[in-house]
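First comes the structure, then the notes that go with it.
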Number of protein chains: 2
Amino acid sequence: MNRGQIAVTVDVVIFALRDNDLQVLLVKRKYPPFSGQWAIPGGYVDVDESLEEAAARELYEETGIQVGELEGSAARVPYIEQLYTFGDPHRDPRGRVITVAYFALVPAPLALRAGSDASDAEWKSVHRLPKMAFDHDQIVRYALQRLRYKLEYTAVGFQLLPPSFTLSALQRAYETILGEKLDKRNFRRRILHAQVIEPTGEFQSGEGRPAMLYRFREDAVAEVKARRLFP
Amino acid sequence: MNRGQIAVTVDVVIFALRDNDLQVLLVKRKYPPFSGQWAIPGGYVDVDESLEEAAARELYEETGIQVGELEGSAARVPYIEQLYTFGDPHRDPRGRVITVAYFALVPAPLALRAGSDASDAEWKSVHRLPKMAFDHDQIVRYALQRLRYKLEYTAVGFQLLPPSFTLSALQRAYETILGEKLDKRNFRRRILHAQVIEPTGEFQSGEGRPAMLYRFREDAVAEVKARRLFP
DNA sequence: TCAAAAGTGTTTGTGGTACACCCATGG
DNA sequence: CCATGGGTGTACCACAAACACTTTTGA
């Protein structure tokens, strides 16, 4: 019998697109172990809250970001899903701590607030990650792999964009995350053909010719079963 | 702070093909809560063992099935992966118990042994599941969904078959799991084209014309990235 | 010779990929 | 008028789906 000997935490990998780069929100640890090092936001699960509630609470306490669909909220996470549970017996020097990792996507510009558990919160490029506490580097790498994977067969990528966006911005988002160039004509044809976005009727003016703005269709089928019997 | 107030278990959904049916291994609970009801094998995680070790140990204790690649072992699990972590605060009447669920595939005929923690272990059809303890029905349903999903884009299905098998047997396996008929010629072409199996040179005699036996190619690329940008 | 299961090809449609130029606007 | 990014079409190829008959064996 081992009740009471194992602690459970949740940790959340939060992705956003900033400066044409895929970034992760990290917090600087105030207290040991690993104090002064960067970590993904997270903390202990309370006895009477669900894992999702714990993830939302820790996120809010450490970064000011709220989970939910509320309009007008400056900082909200529209998308969160369970990633994996990491349970190596030696992943935390304090003792046996199992962590249920989540991964979240937020539209680019979010107001942050340093919370009580963390002295600082900062966005860091996934390509230049600092040394991180615990096994958090492994968790972030796994989350990135999952994000890339999901990007290709679900419409999850729209969660990283503002409510309306141009097709070029969408393509840049895909290219940034996948780390490769995509053909403009093929990209547009596939996205439009997939019927997941619709034109807003508005245009965005900028440097060159104004671009049509699109929005994600809420009624879109985000994930479709594809008969493949492995490639 | 909540250390010590939350218990962690692992539970394993084990699938096998028996009698042209997809079945799950269930154990009858000896002790409360839910004593006398069916449950998937599992139990508390020890402080000093990893989640995978805990899954393997519980599996062995309750069913006699060993995890690993050992040849000659009558009952071994060649495939196991983490499924999901279920953490609803009220999923266990004894208190807060979070369970890390795994799902495993075994080739059809495995010798079972009732263990000390379970008075009985039995294979049950996924289509006619009995009333189950805790949220185990939910876990099994989720595992089935995952199995069907993986079947289509990975070569995981071969883990449910003996080392050598006919193409008809493979097709029956797919049809049983997916719950639908597949076209024989298209199925064979795709499987052979995918280069995941090779002929053994042996034939299996039976009712009609003898059938070529195939084996899974260990060097096969089981999962290939397919550029789709959602269907 | 019959029953039972194994094995085999072609046509058609759809979607992926490669590829280059004109368009609308602001400065 | 020019720089900047927005927007468009076609040809080829690979693979998915639909579809029915011949072959081999044992009883």
Side-chain angles (χ1 to χ4, degrees), chain A residues 17 19-20 151-155 161-162 164-176 178 180-215 221 223-231, chain B residues 19-20 151-155 161-162 164-176 178-215 221 223-231:
Chain A
L17 290 166
D19 315 321
N20 272 344
L151 200 66
E152 307 221 339
Y153 68 96
T154 76
L161 293 170
S164 78
F165 50 84
T166 67
L167 285 178
S168 296
L170 182 62
Q171 185 176 346
R172 269 195 303 278
Y174 270 79
E175 289 175 340
T176 299
L178 297 174
E180 59 184 303
K181 288 278 168 227
L182 302 174
D183 180 84
K184 182 157 66 160
R185 282 165 294 186
N186 293 338
F187 180 81
R188 294 162 101 93
R189 181 178 31 246
R190 274 186 293 188
I191 296 290
L192 292 171
H193 187 250
Q195 309 244 294
V196 289
I197 60 175
E198 59 192 4
T200 62
E202 311 272 294
F203 283 83
Q204 183 184 72
S205 291
E207 283 277 300
R209 172 174 169 179
M212 176 66 80
L213 285 165
Y214 290 82
R215 74 169 74 89
V221 179
E223 188 164 350
V224 175
K225 173 174 153 169
R227 172 54 42 82
R228 291 199 289 152
L229 301 191
F230 45 85
Chain B
D19 314 322
N20 271 344
L151 201 65
E152 307 221 338
Y153 68 95
T154 76
L161 293 170
S164 78
F165 48 85
T166 66
L167 285 177
S168 296
L170 181 62
Q171 183 175 348
R172 269 195 303 278
Y174 271 78
E175 289 176 339
T176 299
L178 297 174
E180 59 183 302
K181 286 277 169 232
L182 302 175
D183 180 84
K184 181 157 68 164
R185 282 165 294 184
N186 292 338
F187 180 81
R188 292 162 102 95
R189 179 176 35 246
R190 274 186 293 188
I191 296 291
L192 292 172
H193 188 251
Q195 310 244 292
V196 289
I197 60 175
E198 59 191 7
T200 61
E202 310 273 296
F203 284 82
Q204 184 185 71
S205 292
E207 283 277 301
R209 173 175 169 177
M212 175 67 79
L213 285 165
Y214 290 83
R215 74 170 73 88
V221 179
E223 186 163 354
V224 176
K225 172 173 153 171
R227 171 56 41 82
R228 291 201 287 151
L229 300 192
F230 44 85

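Below, chain A is the first sequence line, B the second, and so on; all start at residue 1.
- At whole-Å resolution of the value, CG in A:Leu213 and P in D:dG6 are 11 Å apart.
- For A:Arg209 and D:dG7, the shortest distance from a side-chain N or O to OP1 or OP2 is not below 4.0 Å.
- Rounded to whole angstrom, the span from the CG atom of B:Leu170 across to the P atom of C:dA5 amounts to 18 Å.
- Residues B:Arg172 and B:Arg185 each lie close to DNA chain C; by heavy-atom proximity, the contact nearer the 5' end of the strand is made by B:Arg172.
- Taking CG of B:Leu151 as the reference point, atom CG of B:Leu178 lies at 5.0 Å (rounded to 0.5 Å).
- Residue pairs meeting the salt bridge (charged side-chain N to carboxylate O under 4.0 Å, His left out) criterion with at least one member in residues 197-207 of chain B, sequence neighbours excluded, are B:Glu198-B:Arg215.
- Rounded to an integer number of Å, the gap from NZ of B:Lys184 to C1' of D:dC21 is 11 Å.
- Between the side chain of B:Gln171 and the backbone N or O of B:Arg188 there is no donor-acceptor pair closer than 3.5 Å.
- Closest non-hydrogen pair, A:Phe187 versus A:Leu167, comes out as CE2-O, 4.0 Å.
- Going from atom CD of A:Glu152 over to atom C1' of C:dG16 covers 13 Å, rounded to whole Å.
- In this view, B:Arg189 and B:Asn186 satisfy the side-chain hydrogen bond (donor to acceptor under 3.5 Å, both in side chains) rule, not counting sequence neighbours.
- In terms of polar N and O atoms assigned as donor or acceptor, the side chain of A:Arg190 never comes within less than 3.5 Å of the base of C:dT17 in a complementary pairing.
- Atom CZ of B:Arg189 is separated from atom P of D:dA18 by 12 Å (rounded to the nearest Å).
- One interatomic measurement links the two molecules: CG of B:Leu167 to P of C:dA5, which rounds to 16 Å at whole-angstrom precision.
- Straight-line distance from the CZ atom of A:Phe187 to the P atom of C:dG16: 13 Å, rounded to whole Å.
- Two residues, B:Arg188 and A:Glu207, neighbour DNA chain C, and the one matched to the more 5' nucleotide by heavy-atom proximity is B:Arg188.
- A sub-4.0 Å separation between OP1 or OP2 of D:dG6 and a side-chain N or O of A:Ser168 is present.
- Side-chain atoms of B:Asp183 lie closest to D:dC19 of the nucleotides D:dG7, D:dC19, C:dG7.
- Taking five base pairs at each end of the helix from C:dT1-D:dA27 to C:dG27-D:dC1 and finding the rotation axis that steps the C1' atoms of four pairs onto the next four gives two axes whose angle is 10°, to the nearest 10°.
- For the residue pair A:Asn20 and A:Thr176, the shortest heavy atom distance occurs at O-CG2, 3.7 Å.
- Atom pair B:Lys181:NZ and D:dA18:P shows a separation of 15 Å (rounding to whole Å applied).
- Of the residues near DNA chain D, A:Phe203 and A:Gly208, the one whose nearest nucleotide (by heavy atom distance) lies more toward the 5' end is A:Gly208.
- A donor-acceptor pair under 3.5 Å is formed between the side chain of A:Glu175 and the backbone N or O of A:Leu182.
- Listed nucleotides C:dA5, D:dA17, D:dA20 differ in distance to B:Asn186; the shortest reach to its side chain belongs to D:dA17.
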